[in-house]
Asker: 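Quick one: this structure, given as structure tokens, is what I'll be asking you about.
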Amino acid sequence: MIAVHDQLPTSTLLELKVGDDISNGNQSGKIKNIEISETDEFLMFLFQLENSHIIIKKLKQVC
């Protein structure tokens, strides 16, 4: 089981794949689908589980 949250490195979130077991403390399950959206301000990871979903937003680093 992999704990996911917004403090997790983006590279770790990008390595997750369908079939991995994840948890955010409130919800947990096996990943059925992953959607990644990008805006100028953040990356949004939507992990679709069997009966729910987990959304993680990562603010982009501004240099």
Side-chain angles (χ1 to χ4, degrees):
M1 180 81 51
I2 301 167
V4 294
H5 47 79
D6 61 357
Q7 300 301 314
L8 204 60
T10 302
S11 59
T12 302
L13 292 169
L14 290 168
E15 290 175 0
L16 294 172
K17 59 190 178 302
V18 172
D20 287 346
D21 287 315
I22 64 171
S23 173
N24 69 352
N26 297 321
Q27 300 163 326
S28 62
K30 192 175 297 282
I31 299 173
K32 295 294 180 186
N33 188 38
I34 302 170
E35 293 180 31
I36 302 172
S37 304
E38 183 175 4
T39 69
D40 290 339
E41 300 172 0
F42 63 85
L43 285 171
M44 184 175 77
F45 294 83
L46 171 64
F47 298 102
Q48 184 67 45
L49 308 177
E50 291 176 345
N51 298 317
S52 62
H53 63 275
I54 296 174
I55 296 173
I56 304 289
K57 285 186 179 179
K58 294 287 294 180
L59 291 176
K60 287 185 174 179
Q61 298 289 340
V62 178
C63 298

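Not measured: the values here are computed from a predicted model.
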Asker: Could you tell me whether a side-chain N or O of Q48 sits under 3.5 Å from a main-chain N or O of S52, the two making a donor and an acceptor?
Answerer: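 At least one qualifying donor-acceptor pair exists.
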Asker: To the closest 0.5 Å, what do you measure between NE2 (H5) and CD1 (I22)?
Answerer: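 So the NE2 of H5 and the CD1 of I22 are separated by 11.5 Å.
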Asker: Do the side chains of I2 and L46 join up, straight or via other hydrophobic residues, at under 4.5 Å, putting them in one cluster?
Answerer: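 Hydrophobic grouping puts I2 apart from L46.
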Asker: So which atom in T39 and which in K60 form the shortest heavy-atom distance, rounded to 0.1 Å?
Answerer: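 Closest approach of T39 to K60: O-NZ, 2.8 Å.
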Asker: Check whether any side-chain heavy atom of I36 sits under 4.5 Å from a side-chain heavy atom of L14, and report yes or no.
Answerer: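 Side chain of I36 against side chain of L14, heavy atoms only: contact under 4.5 Å found.
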Asker: Do K17 and I31 touch side chain to side chain, with heavy atoms closer than 4.5 Å?
Answerer: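 No, side chains not in contact.
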Asker: Quick one: are V4 and L16 in side-chain contact, heavy atoms under 4.5 Å?
Answerer: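 Yes - at least one pair of side-chain heavy atoms lies under 4.5 Å apart.
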Asker: Got a sec: does the CG of N33 have more than 12 other heavy atoms crowding it under 6.0 Å?
Answerer: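 More than 12 heavy atoms, drawn from other residues, nucleotides or ligands, come within 6.0 Å of this atom.
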Asker: Can you see which heavy atom on Q27 is nearest to which on N24, and at what distance?
Answerer: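 That closest heavy-atom pairing would be N-OD1, 2.7 Å.
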Asker: Between K30 and E50, does any NZ, NE, NH1 or NH2 come within less than 4.0 Å of an OD or OE carboxylate oxygen?
Answerer: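 Answer for the salt bridge query: no.
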Asker: Partners of D6 by side-chain contact (heavy atoms from CB on, under 4.5 Å), sequence neighbours excluded?
Answerer: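 For D6 the side-chain contact (heavy atoms from CB on, under 4.5 Å) partners, ignoring immediate neighbours, are I56.
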Asker: Identify the heavy atoms of T10 and K58 that sit nearest to each other, and give their distance.
Answerer: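 Reported closest heavy-atom pair: OG1-CE, 3.3 Å.
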Asker: List the atom of F42, the atom of L59, and the distance in Å for their closest heavy-atom pair.
Answerer: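 That would be CB-CA, 4.0 Å.
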